[in-house]
J.: 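Take a look at the following structure, please.
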Amino acid sequence: MVREWDPRTASSAEIVSLLDTLNAVLAVDLPQDPPWRESSLREYLAEVMPGERRISWVAQAEPATDGTPGSLLGQVNVLLLGNIGVLEVLVHPSARRTGLGRDLVLRAARRVYQEGFESIGVEVVGDTPAIAFYESLGFSREYVETRSVLDLSGVDWAELAEMSTGVGAGYHVEFHPGGPPDELIEAYARAKAEIRDIEDGELRPSSYDSQRLRDSLDCLHRRGMKPYIVLALHEQSGEVAGLTEVVVPAQHPTRADQYDTIVVQDHRGYGIDRAIKARMLMELRSAEPQLTEVQTWNAQANEAMLKVNAELGYRPDRDWCEYSVDVADLVHRLDNSR
């Protein structure tokens, strides 16, 4: 049975059942990733930025003979933002190759079409069955990043401490748990707007104005995701010359997520990128003692950041791909295949 589902009003048993399905998928597709936890999972699934909406459906097994509700074997949610619907699909490994995944995608695609959106995007992990699944539905690959993972147990902390002080004269580095201070929000947003050291795909837009930045930080906190910021400030102008962001999610607190790392064009060549990322790792060692790994994503064309990551000890893991499809074409294809 597939039905529309709201995580805000779902029972605790349904949240736990969905978590079980998510971890079963991870065990098969990404066995080196840490399992997720129930902490703030409801909020992670429900909270969105202003102006965005998330709509979800679940596939539930038939009730047991004693009337106990069936487990959640699958879930699809679509985040409506800008001019695109961003899709996420989970199907328990035991329910794969039954047509459930196609049914879930069709539910979401019909709603996206009815809402007037023209395209659907999805992030797909390389070397998993999802690649063939989405390509069979007509999705086209638009963008590829490589995920790299840093094992903190192998870090040379003395060497890292030296790296963290390697910023050129005229700059100083600051650590800000929770987000940049309000007096630096405008300068922070300007740095993010001017240029980025990573080429984000369309499905993970960054925040380039001060209000959206505030909204983004607030949304992270509401979803149980703790942001940490390291800034390089140009002493003469007071401008943000570089920044790096790491988020520690309550849902998998032993592995942190690297977000943007940016060095403004006029301030390149002073060792800022390596220094701020090294400083971040030093600070996280104290602030998040349970942390064992940090994961980051980079385009292969971004040779400078890949070099910095390699110096810090990151090791490439697998590709992370963005796919998209015309909504009308997808609905037509899926309806005709039923």
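Please read all numbers here as calculations on a predicted model, not as lab measurements. For the numbers below, each heavy atom of this structure counts, side chains included, while hydrogens, waters and symmetry mates do not.
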J.: Please name the residue in the list Ile55, Leu330, Val327 that meets the side chain to side chain contact (heavy atoms under 4.5 Å, CB included) test with Val112.
T.: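 Exactly one pass, corresponding to Val327.
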J.: Name the residue from Asn298, Asn309, Val247, Val246 that meets the side chain to side chain contact (heavy atoms under 4.5 Å, CB included) definition with Gln258.
T.: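 Of Asn298, Asn309, Val247, Val246, side chain to side chain contact (heavy atoms under 4.5 Å, CB included) with Gln258 is met by Val246 alone.
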J.: Between the main-chain N or O of Gly126 and the side-chain N or O of Asp319, is there a donor-acceptor pair closer than 3.5 Å?
T.: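 No.
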J.: Between Glu43 and Arg8, is the closest basic N to carboxylate O distance under 4.0 Å?
T.: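 Looking at Arg8 and Glu43, the cut-off is not met.
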J.: Between Glu47 and Arg54, is there a salt bridge with N-O shorter than 4.0 Å?
T.: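 Salt bridge flag = no for Glu47 with Arg54.
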J.: Output yes when a side-chain donor or acceptor of Glu52 lies under 3.5 Å from a complementary backbone atom of Leu79, and no otherwise.
T.: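 Judged by distance alone, no pair lies under 3.5 Å.
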J.: Does the distance from a Lys or Arg side-chain N to an Asp or Glu carboxylate O, for Arg53 and Glu115, drop under 4.0 Å?
T.: yes
J.: Which residue, Leu137, Val325, Val105, forms the side chain to side chain contact (heavy atoms under 4.5 Å, CB included) with Ile120?
T.: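 Answer to the side chain to side chain contact (heavy atoms under 4.5 Å, CB included) test with Ile120 among Leu137, Val325, Val105: Val325.
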J.: Report yes or no: is the cationic atom of Arg285 (NZ for Lys, CZ for Arg) under 6.0 Å from the centre of the six-membered ring of Trp157, at an angle within 45° of the ring normal?
T.: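 Ring-cation test returns yes.
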J.: With under 30° as parallel and over 60° as perpendicular, where do the rings of Phe139 and Tyr134 fit, or are they tilted in between?
T.: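 Taking Tyr134 first and then Phe139, their aromatic rings stand perpendicular (interplane angle over 60°).
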J.: Between Glu162 and Arg274, does any NZ, NE, NH1 or NH2 come within less than 4.0 Å of an OD or OE carboxylate oxygen?
T.: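 Judged by the 4.0 Å cut-off on N to carboxylate O distance, Arg274 and Glu162 do not form a salt bridge.
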J.: Kindly indicate whether the side chain of Arg96, heavy atoms from C-beta on, has any atom under 4.5 Å from the side chain of Pro129.
T.: yes
J.: Looking at every heavy atom in both Val264 and Ala191, which two are closest together, and how far apart are they?
T.: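 Looks like CG2-CB, 3.8 Å.
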J.: Check Arg42 with Glu14, please: is the shortest side-chain N to carboxylate O separation under 4.0 Å?
T.: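 No.
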J.: Distance under 6.0 Å and angle within 45° of the ring axis: does Arg223 meet both against Tyr44?
T.: yes
J.: Do Thr146 and Gln300 pair up side chain to side chain, a donor and an acceptor below 3.5 Å, judged on atom types alone?
T.: yes
J.: Is it the case that the side chain of His221 and the backbone of Gly178 share a donor-acceptor pair, with hydrogens and angles ignored and the cut-off at 3.5 Å?
T.: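 Present.
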J.: Are any of the side-chain nitrogens in Arg214 or Asp182 under 4.0 Å away from the carboxylate oxygens of its partner?
T.: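 Yes, charged N to carboxylate O under 4.0 Å.
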